[in-house]
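Worksheet: one structure, shown below.
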Amino acid sequence: MIRIMLLDDQPLLRNGFRTLLDAEDDMQVVAEGADGQEGLALARQHRPDLALVDIQMPVMDGIETTRRVAADPELAEMRVVILTNYGFDEYVFHALRAGAAGFLVKDIEPADLLHSVRVAARGDALLAPSITRMLISRYVAQPLGPEASGGMAELTNREREAVVLAAQGLSNDEIAEHMVISPLTAKTHVNRAMTKLQARDRAQLVVFAYESGLVTPRNR
């Protein structure tokens with residue numbers, strides 16, 4: 001069962017999402033709130049697997065909420081997916097950099113929403129190749145912190161290869177096929193790279209890969 005928290009200051013939208021998600025056998029909305037401050041308290045109380053978080057909320061917005069979730073050891077297992085009205089923009093990038101697992105537009109088709117929730121819950125990043133191209137061309141400009149910079153030097157050749165493929169939007173199965181290894185080994189390479197880089201999840205790993213120069217437009 002995927003336990004989900006909804007954070008949005010529009011009750012009508014929360015109600016629509018709840019109705020859709022609760023109708024699935026493998027999903028349950030365990031909490032909902034109207035701002036990030038309320039959401040952090042609810043997250044600590046209910047420990048959801050996934051939070052769908054509006055990027056623009058009163059009191060505490062989605063970026064700051066994501067940052068605080070990522071910094072809280074008690075919420076290490078909770079994934080944050082950002083909800084936005086406008087598609088990919090600078091605010092979404094900052095949310096990804098803060099530790100969000102991906103983002104969705106609010107007018108997403110119901111079937112796509114359900115698929116995306118399952119993708120994020122199992123640990124994959126919601127970053128399509130078109131989104132990574134935007135990362136390259138528009139928002140990858142800030143330097144890495146010292147932890148991530150040092151971690152890049154510690155990656156083995158196979159871990160670097162796995163990171164490049166993950167940054168191109170490949171799943172673990174696709175990485176395994178490309179590298180001619182088992183999916184479990186591919187997952188191990190990705191997870192070890194995340195640990196060395198102190199990346200919260202695959203989305204943050206992708207951001208680090210572009211910011212470090214490990215992945216460039218020529219890699220695509």
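In this structure, D26 and R118 have side chains that are in contact, with non-hydrogen atoms separated by less than 4.5 Å. Looking at D49 and M5, their side chains never come closer than 4.5 Å, going by heavy atoms from C-beta outward. Looking at V81 and S116, their side chains never come closer than 4.5 Å, going by heavy atoms from C-beta outward. Between L40 and M60, some side-chain heavy-atom pair lies under the 4.5 Å cut-off. In this structure, the side chains of E161 and H189 stay at 4.5 Å or more apart for every pair of heavy atoms.
Rounding to the nearest 0.5 Å places CD of E174 at 9.5 Å from CG of L165. Taken from CD in E109 to CG in L114, the straight-line distance is 11.0 Å, to the nearest 0.5 Å. To the nearest 0.5 angstrom, D54 atom CG is 11.0 Å from D35 atom CG. How far CG of L113 is from CG of L21: 5.5 Å, rounded to the nearest 0.5 Å. Distance check: H46 NE2 to M78 CE gives 12.0 Å after rounding to the nearest 0.5 Å. Atoms CD and CZ, on E74 and R44 in that order, are 6.5 Å from each other to the nearest 0.5 Å.
I55 pairs with exactly one of T65, I63, D61, T66 by the side-chain contact (heavy atoms from CB on, under 4.5 Å) rule, that one being I63.
Taking every heavy atom of both residues into account, V163 and A193 meet most closely at CG2-CB, 3.4 Å. When all heavy atoms are compared, the tightest approach of P73 to A71 is CD-O, 3.3 Å. The two residues I175 and A186 make their nearest non-hydrogen contact at CG2-CB, 3.9 Å. Across all their heavy atoms, L42 and A31 have their closest contact at CB-CB, 4.2 Å. Nearest approach of G62 to V53, heavy atoms of both residues: CA-CG1, 3.8 Å. Contact record, A120 with L50: CB-CD1, 3.8 Å, taken as the closest heavy-atom pair.
Placement of M57 and V59 in two distinct hydrophobic clusters is found when ILVMFWY residues are connected by side-chain heavy-atom separations under 4.5 Å, directly or transitively. Linking Ile, Leu, Val, Met, Phe, Trp and Tyr whenever their side-chain heavy atoms come within less than 4.5 Å leaves M27 and V30 in two separate clusters. Residues M1 and I4 do not share a hydrophobic cluster, defined by chaining ILVMFWY side chains whose heavy atoms lie under 4.5 Å apart.
For D22 (side chain) and V29 (main-chain N/O), a donor-acceptor pair under 3.5 Å exists by modelled atom type. The main-chain N or O of A34 is found under 3.5 Å from a side-chain atom of E38 such that the two form a donor-acceptor pair. One N or O on the side chain of R158 and one on the backbone of M179 form a donor-acceptor pair closer than 3.5 Å.
Atom CD of Q37 sits in a sparse spot, with 12 or fewer heavy atoms from other residues, nucleotides or ligands closer than 6.0 Å. When the shell of 6.0 Å around CD of E24 is examined, it contains more than 12 heavy atoms from other residues, nucleotides or ligands. Atom CZ of R160 has more than 12 neighbouring heavy atoms from other residues, nucleotides or ligands inside a 6.0 Å radius.
For the side-chain hydrogen bond (donor to acceptor under 3.5 Å, both in side chains) condition, the pairs that include at least one residue of residues 5-15, sequence neighbours left out, are D8-K106, R14-E32.
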